[in-house]
Structure formats: C-alpha cells, structure tokens
Amino acid sequence: MRILLVSLFYEHDFGGAELVARRARSLLLDARWEVDVLCLAGGKPRGEKGIHRLRVPWWRRPGEQWFKRSIIFLPGPGMDAYLLAEARRKVEPFSYDGVFCVDFNAVTLAVDLAQPGGPPVALWLQENLPRRLDRLNIKSIAEPLISKLLAMREPLWQFSMARCHSVAAVSRFTCAQGEAFTGENRYTTLHPPLDDALLKASPVPARRDGPARLLFLGRLSPEKGVDLLLDAWPQLRDKATLTLAGLDGPLADEARATARDDERVQLLPSVPPEEVPALVSEHEIVCVPSRVEESLCRTALEGRLMERHVVASDRGAIPEVLEGYPLACTTQPDASDLASRLLGTIAGRRDLTTKERKAEVEIRRMFSPDDFAQRVASLLGR
C-alpha cells in the first residue's frame, strides 16, 4: 500500500495532533506500507524520508504560534489556491493508493489534490466542530471578525468532508460533533494508538509519604485551565505540592510568580513524550482543569494508564476517556469546585484494587496499535 499522509504541522513540536500524525505514520511503516508526508515547511526536520514540504508565504511565518493560528483561524481561497499549486508541484496524487488526511486544516487541500478521479481520501478528525474562538476560550479583539470568517468557511469544509471516502474521529464525542456539523451519519471512531513509551510503561504504586503530589501537564493557557488551578491553590497548599510541566503559554508569567512565592510549586520545561510516564509516576494526582471541549485529552489518558488519580473537567471527550475509571473525579471548570474536588481526592487517595486493575485492560485495548494499519486500510476502502 502506498499512501500520502497529509498533516500540515507534521514536523512542528506544538500540539497533540502532530504526535498522533507521527505515530500513525510509524505504525503504517511498520506494516510495510510506503507512506509519504505532505506538510508545511518551517518545522523541525527529523531525518525522515518521503517528506514533501510546502513553502508558506512570508506574511504567515512570524512566530510559531502566530504561524499556526493564522492557518487555523484565517483560512481563505487565496491560501487554498496557493497551497494546492504548491502541492501539485510536490506530489503526483495518482501514484498513491489513498490519501490519509490526519489534519482537519488540510481537508480541502487533500480532497482538491486527489479528486476528481484520483485516490480515495480518508479524514481522521482530531478536533471538535464547528471551529469557534469562544469554544476554544481564545480572547481576541478580532473575535467577531474571525468568527464571521470561520462561519463563511463552513460550507466549504462540509463539502470537502462529504467528498471524503470516509471520516473517522479520535473519540465518540468528536465523531458526534462531526456528524452534527455535516448532517451526515457515516462517521466512525478511530482512537489514537498508544506510543511506545506508554505501551512499555508499567504502573507502580504511588508514594504516600508527605504532602499529596499534584501534576499539571500541558500548555500554560486559559483554555487548559491553569489559572483555575492557581486560583484554587491557596486552599490546597497546606496538603499538597504542585508541579507545572510546560512553560509555554500566556499564563507562564503567573505560573512563574506563584513558583517564586511558594516553594511547594515547581515549574518544569515541556517534557518529551517518552518521559511523561515517569513524570506521572512521580505524582499522585493528575490535574486536567480544561475549559474547552477536548477531542480526547491525552493527559487524562496518561494519568489513567499510569493508575493515578485524575481530577479533570467534564468537557468534551474527557468523561469518555475516564469512563469507568475508579480513580477519576470530574469537576466544573471553576476554581472553587476544582479545589473541593482536589481536597476530596487528596483525602481519599488509594491505589487500584487487583480487580480494578484487571478491568483496566480494556482501556489499553481501545488504544492498542495492533490493528491500526488494518483500520486505516478499511477507511480507504482497501
């Protein structure tokens, strides 16, 4: 099988979707597929073969976060035409058995490149729809204009998704969101496969000596709710320590100030994926106070796989990821409720029982990489 994997930010370090895309390609290569990648230039080359990079206009380039947000929130026909022309110079779609688009930002590009008469396109949806700044808790004086532009874009996105041979989503929640967005009832769920670090990691009992150890892992931003955790902290500090891992984001200064003033708060730089299981194992409670509707929430899943308490908001697919997990506690995205839930969890800390641990085999099965290539082949009609 020879396919073209389309993921605009494939080589960039930010975002969970990029990790999923790279893991997907790795598994398809392991299945002896030939997998080329079509992505945007500007990321970090990883020495992989078969990467076709699209140059980006200079005015889209200043700063990685601006670069990404401009592509996500300011799409338009001019950019569509430019990227399509660049892509046609880079790849010959008719030489592939299928196009696997793992980036919603690229669905129009992928469909226009492959059709008419070309290979089937399968979209793997990793975000919730419709796309709106207020749903993502992004504040901007340009919000009314950007929301209007995004609403004007929706018919094209719906048309592009309808032209896909199939659409899968990373969670049942996101699948339902996609179906409601397009009015179709043909989508399926394809959970992202676990990476090698999580597959090989074995949960260990949590240490109970001293204060409870809390962990926040992710971008220091309002949409991830780190401000709610900092607001709740004064009620928790006598009973716990707090580690914040990931220094990028608009709330980094507030996090640094809290860490300077309180020795119980520790800041760590962004942690490579392969080091996350060990970091989670050093803590007892994983905090996920997200304000936004998460399409999956890798941090909540990592906490569950390492058999730690997980206190997380009830947004998006988070309840789905934690469904049936005895050490989970959901909360409203509110500092007072978060503090209350965390205090209750601190007071009731425990390990899974032997029976509960055996039941957790099912969550690993859901995210197993074993039949991933077969599932993708099915999405492409092969």
Side-chain angles (χ1 to χ4, degrees), residues 1-12 14-15 17-18 20-22 24-26 28-29 33-61 64 66-127 131 149-150 153-168 376 379-382:
M1 179 88 80
R2 184 169 192 257
I3 70 164
L4 180 66
L5 186 148
V6 184
S7 177
L8 294 186
F9 302 100
Y10 180 84
E11 294 186 311
H12 288 76
F14 46 72
E18 289 67 47
V20 174
R22 293 196 285 269
R25 184 180 189 235
S26 175
L28 297 178
L29 289 173
W33 289 25
E34 184 178 345
V35 187
D36 288 349
V37 174
L38 185 66
C39 64
L40 292 175
K44 182 191 299 179
R46 289 172 162 76
E48 299 177 4
K49 297 181 180 179
I51 308 295
H52 303 284
R53 302 176 182 90
L54 307 177
R55 293 178 302 171
V56 181
W58 66 267
W59 54 272
R60 292 272 185 163
R61 298 178 193 171
E64 278 199 320
W66 158 250
F67 171 75
K68 185 171 187 178
R69 291 194 175 196
S70 73
I71 297 293
I72 293 174
F73 297 113
L74 296 173
M79 194 65 179
D80 291 341
Y82 174 86
L83 291 179
L84 181 59
E86 284 284 300
R88 283 174 172 164
R89 283 192 285 268
K90 294 286 186 179
V91 298
E92 171 48 65
F94 285 83
S95 67
Y96 297 98
D97 299 308
V99 175
F100 189 34
C101 180
V102 299
D103 181 355
F104 179 72
N105 302 295
V107 63
T108 298
L109 170 64
V111 171
D112 287 346
L113 182 64
Q115 296 180 0
V121 179
L123 170 65
W124 195 14
L125 188 61
Q126 300 191 46
E127 67 174 81
R131 180 180 285 168
L149 292 173
L150 292 174
R153 179 81 169 181
E154 288 179 3
L156 177 59
W157 280 330
Q158 292 163 342
F159 179 63
S160 298
M161 294 171 75
R163 294 167 70 194
C164 291
H165 181 271
S166 62
V167 179
V376 174
L379 291 173
L380 292 168
R382 304 297 183 183

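Predicted model only: the values in this text are computed from it and were never measured.
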Checklist entry - Can you check whether D36 reaches V91 side chain to side chain, under 4.5 Å on heavy atoms? => result no

Item to check | Sub-4.5 Å side-chain heavy-atom contact between V99 and L113 | outcome: no

Item to check | CG-CG distance between L83 and L40, expressed to the nearest 0.5 angstrom | outcome: 6.0 Å

Checklist entry - What pair of heavy atoms forms the shortest contact from P75 to W157, and how long is it? => result CG-CZ2, 4.1 Å

Checklist outcome for this item: Nearest heavy-atom contact between A114 and P93 is CA-CB, 4.3 Å

Checklist entry - Can you check whether L109 reaches M79 side chain to side chain, under 4.5 Å on heavy atoms? => result no

Checklist entry - Taking C-beta and beyond as the side chain, do L123 and V111 meet within less than 4.5 Å on heavy atoms? => result no

Checklist entry - Under a 4.5 Å cut-off applied to non-hydrogen side-chain atoms, are V102 and L5 in contact? => result yes

Checklist entry - Can you find a pair of side-chain heavy atoms, one from Y96 and one from E34, that are under 4.5 Å apart? => result no

Item to check | Which atom of R22 lies closest to which atom of H12, heavy atoms considered | outcome: NH1-O, 3.2 Å

Item to check | For the student: nearest non-hydrogen atoms of F104 and M161, plus distance | outcome: CE1-SD, 3.6 Å

Checklist entry - Do the side chains of R53 and C39 get nearer than 4.5 Å, heavy atoms only? => result yes

Checklist entry - Does a side-chain heavy-atom distance below 4.5 Å link D97 with L380? => result no

Checklist entry - What class does the angle between the rings of W124 and F100 fall in, given that below 30° is parallel, 30 to 60° is tilted and above 60° is perpendicular? => result parallel

Checklist outcome for this item: In I72, L38, I71, the residue satisfying side chain to side chain contact (heavy atoms under 4.5 Å, CB included) with L8 is I71

Item to check | E48 with R25: basic N within carboxylate O range, under 4.0 Å | outcome: yes

Checklist entry - Hey, is the main chain of L156 close enough, under 3.5 Å, to the side chain of S160 for a donor-acceptor pair? => result yes

Checklist entry - Does anything in residues 79-90 pair up under salt bridge (charged side-chain N to carboxylate O under 4.0 Å, His left out), and if so which pairs, sequence neighbours excluded? => result R55-E86, D80-R153, E86-R89

Checklist entry - Which heavy atom of H165 sits nearest a heavy atom of P120, and at what distance? => result CB-CB, 3.8 Å

Item to check | Verdict with supporting geometry, D112 and R163, side-chain contact (heavy atoms from CB on, under 4.5 Å) | outcome: CA-CA 9 Å; D112 287 346; R163 294 167 70 194; 3.0 Å; yes

